[in-house]
Amino acid sequence: MSKISVIGAGSVGATIANDLMIQGVASEIILVDVNKKKALGEALDIYQGAPFCSPAVVRAGEYSDTQNSDIVIITCGMARKPGMTRLDLAQVNVNILKDVAGNVTQYAPDAVYIIVSNPVDVLTYVFHKISGIPENQIIGSGTILDTSRLQSALAKRFHISPKNVHAHVYGEHGDSQFVPWSLAHIANNHVDNYKTYSPDRERIHWDQNYTEVEEFVKKSGAQIIENKGATFYAVAMSVCHICKCIYSGAGTALTVSTMMHGEYGVEDVCLSTLVLVDRSGVRGKIMNPLTPEETEKMQLSAQKLRAVIDQIQF
């Protein structure tokens with residue numbers, strides 16, 4: 001038996017629950033929301049597709065129903081509205097998270113917690129401070145989606161499968177994120193050398209277009225919101241991927257948000273680096289060497305997050 005609880009039955013939470021069932025990640029999926037009617041409707045809608053998927057039970061529940069969950073995914077919170085500052089959003093969602101943490105952790109103290117709500121790095125930090133859950137059991141979804149956007153963008157440029165693109169987004173899930181290009185490789189070649197050795201060299205247009213690619217990655221979410229009002233499909237897939245990596249137990253390298261303890265000169269904030277994830281949650285960080293310029297970008301990202309953390313009440 002595998003059990004995952006999703007706190008928040010909005011577009012992101014419901015899509016995660018649906019994807020978990022379609023992909024056969026869990027045999028029991030619990031949806032919890034302050035709007036119980038919404039959670040019930042989403043659970044019924046998802047479960048009625050069960051005959052087409054791996055056997056799974058999907059149901060709405062109370063916090064007490066999260067007991068014995070392997071994984072708890074927190075997606076609840078307010079979306080940023082026009083005129084609302086990032087700090088405004090942070091405080092509102094910190095208040096929501098405090099209520100959620102106090103309720104769910106008493107029933108599922110041994111679960112691995114995945115924080116998805118935004119601003120995800122700030123909320124992951126707050127969850128560390130208020131939940132009493134061991135540090136290795138807390139994962140922020142961080143830049144895993146940004147990394148997916150980066151890999152898919154590079155794959156298109158280089159005419160290769162995204163699975164052969166090893167490039168990642170570090171830092172904040174936000175404007176101060178960055179790509180450590182010194183570590184970016186495609187099919188065992190550094191990103192700047194791949195064109196030379198590729199059979200597609202005539203079709204590849206690459207001239208160290210770092211800024212252009214990074215800007216695309218940073219603006220992708222806003223572009224989607226502008227066109228359809230919200231983002232939820234890709235983030236749901238990324239969270240399901242984290243769950244599968246936890247269950248596999250093999251130790252998978254993911255760019256997720258975790259507490260920093262002096263790595264790269266960063267301490268007492270949560271942001272994304274490459275982390276090994278397994279059944280225990282966070283096995284540890286992979287300390288890839290960054291250039292001095294990349295290390296500086298990491299520290300600047302941490303400073304921006306720290307400035308928000310220092311202004312919120314929790």
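- Looking at heavy atoms from C-beta onward, S257 lies out of side-chain contact with H173 at the 4.5 angstrom threshold.
- A salt bridge links R59 with D65; the closest basic N to acidic carboxylate O contact falls under 4.0 Å.
- Inter-residue side-chain proximity for V266 and Q299 is flagged as met; some heavy-atom pair is nearer than 4.5 Å.
- The number of heavy-atom neighbours closer than 6.0 Å to NZ of K163, taken from other residues, nucleotides and ligands shown, is 12 or below.
- Nearest heavy atoms, I22 versus C53: CA-SG, 3.9 Å.
- Counted by atom type alone, Y125 and D268 present one or more donor-acceptor pairs between their side chains at under 3.5 Å.
- The neighbour count for N188 CG, taken as heavy atoms of other residues, nucleotides or ligands under 6.0 Å away, does not exceed 12.
- Checking each of V308, N93, V269 against V122 for a side chain to side chain contact (heavy atoms under 4.5 Å, CB included) leaves exactly one that passes, namely V308.
- In the hydrophobic clustering of this structure, M260 does not group with V275; members are Ile, Leu, Val, Met, Phe, Trp, Tyr whose side-chain heavy atoms approach within less than 4.5 Å, directly or through other members.
- Side-chain contact check for N164 versus F158: every heavy-atom pair is 4.5 Å or farther apart.
- Taking the side chain as every heavy atom from C-beta outward, P119 and L89 approach each other to under 4.5 Å.
- Follow the hydrophobic side-chain contacts under 4.5 Å out from V100 and you reach I130 in the same cluster.
- Of the possible donor and acceptor atoms, one in the side chain of N103 sits under 3.5 Å from a partner among the backbone N and O of D99.
- Annotation: the span from K219 atom NZ to R149 atom CZ amounts to 14.0 Å, rounded to 0.5 Å.
- Side chain to side chain, N227 and Q223 fail the donor-acceptor criterion of an N or O pair below 3.5 Å.
- Of the possible polar contacts, one joining the K3 side chain to the Q67 backbone as a donor-acceptor pair under 3.5 Å is found.
- To the nearest 0.5 Å, the span separating NZ on K195 from CD1 on I186 amounts to 12.0 Å.
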Inset, instruction - Check the pair L123 / V94 against side-chain contact (heavy atoms from CB on, under 4.5 Å), numbers first and verdict last. - result: CA-CA 6 Å; L123 295 185; V94 162; 3.6 Å; yes
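- With values rounded to the nearest 0.5 angstrom, I96 atom CD1 is found 6.0 Å from M78 atom CE.
- In this structure, E42 pairs ionically with K38, as a charged nitrogen and a carboxylate oxygen lie closer than 4.0 Å.
- Proximity of S117 to L97: side-chain heavy atoms (C-beta onward) are nowhere separated by under 4.5 Å.
- I115 and V6 are not part of a single hydrophobic cluster, where members link through side-chain heavy atoms under 4.5 Å apart.
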Inset, instruction - Could you please spell out the steps behind the side-chain contact (heavy atoms from CB on, under 4.5 Å) verdict for R157 and V213? - result: CA-CA 10 Å; R157 281 175 175 263; V213 173; 3.6 Å; yes
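- At least one side-chain heavy atom of Q177 sits less than 4.5 Å from a side-chain heavy atom of V217.
- In this structure the side chain of W181 reaches within 4.5 angstrom of the side chain of E214, judged on heavy atoms.
- Between atom CD of residue Q137 and atom CD1 of residue I114 there is a gap of 12.0 Å, rounded to the nearest 0.5 Å.
- Without hydrogens or angle criteria, S220 side chain to F216 main chain gives a donor-acceptor distance under 3.5 Å.
- When every heavy atom of D121 is checked against every heavy atom of L271, the shortest pair comes out as OD1-CA, 3.6 Å.
- For the side chain to side chain contact (heavy atoms under 4.5 Å, CB included) with L20, the lone residue among I46, I73, V58, I71 that qualifies is I73.
- Judged by distance alone, with hydrogens and angles left aside, the side-chain atoms of Q313 form no donor-acceptor pair with the main-chain N or O of Q91 at under 3.5 Å.
- The shortest heavy-atom contact between A56 and A50 is O-CB, 4.2 Å.
- Minimum interatomic distance between K218 and D175 (heavy atoms only, all atoms of both residues): NZ-O, 3.2 Å.
- Taking hydrophobic clusters as Ile, Leu, Val, Met, Phe, Trp and Tyr residues chained together by side-chain heavy-atom distances below 4.5 Å, M259 does not share a cluster with I139.
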Inset, instruction - Step by step, work out the side-chain contact (heavy atoms from CB on, under 4.5 Å) result for Y113 and T124. - result: CA-CA 10 Å; Y113 283 79; T124 303; over 6 Å; no
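- The distance from the CZ atom of F232 to the CD1 atom of I225 is 11.0 Å, given to the nearest 0.5 Å.
- Taking hydrophobic clusters as Ile, Leu, Val, Met, Phe, Trp and Tyr residues chained together by side-chain heavy-atom distances below 4.5 Å, F127 shares a cluster with Y107.
- Y210 and D192 are linked by a side-chain donor-acceptor pair at a separation below 3.5 angstrom, with hydrogens and angles left out of the test.
- Judged by distance alone, the side chain of T147 and the main-chain N or O of T143 form a donor-acceptor pair under 3.5 Å.
- Side-chain N/O atoms of S69 and S5 include a donor and acceptor closer than 3.5 Å.
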Inset, instruction - Could you go through the side-chain contact (heavy atoms from CB on, under 4.5 Å) check for H241 and L254 one step at a time? - result: CA-CA 10 Å; H241 182 66; L254 302 174; 3.7 Å; yes
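- Contact annotation: the side chain of V235 approaches that of S238 to within less than 4.5 Å [non-hydrogen atoms, C-beta and beyond].
- There is no side-chain donor-acceptor pair under 3.5 Å between E263 and T273.
- Judged by distance alone, the side chain of T255 and the main-chain N or O of Y170 form no donor-acceptor pair under 3.5 Å.
- Summarising the geometry of A187 relative to I160, their closest heavy-atom pair is CB-CD1, 4.1 Å, with the distance given to 0.1 Å.
- Summarising the local packing, OH of Y47 is surrounded by 12 or fewer heavy atoms from other residues, nucleotides or ligands at distances under 6.0 Å.
- A donor-acceptor pair under 3.5 Å links the side-chain atoms of N136 to the main chain of S280, judged by distance alone.
- For S301 (side chain) and E172 (main-chain N/O), a donor-acceptor pair under 3.5 Å exists by modelled atom type.
- Here the SG-CG distance, from C245 to D278, works out to 10.0 Å after rounding to the nearest 0.5 Å.
- The minimum heavy-atom distance between D70 and Y247, with the atom names listed, is OD2-OH, 2.8 Å.
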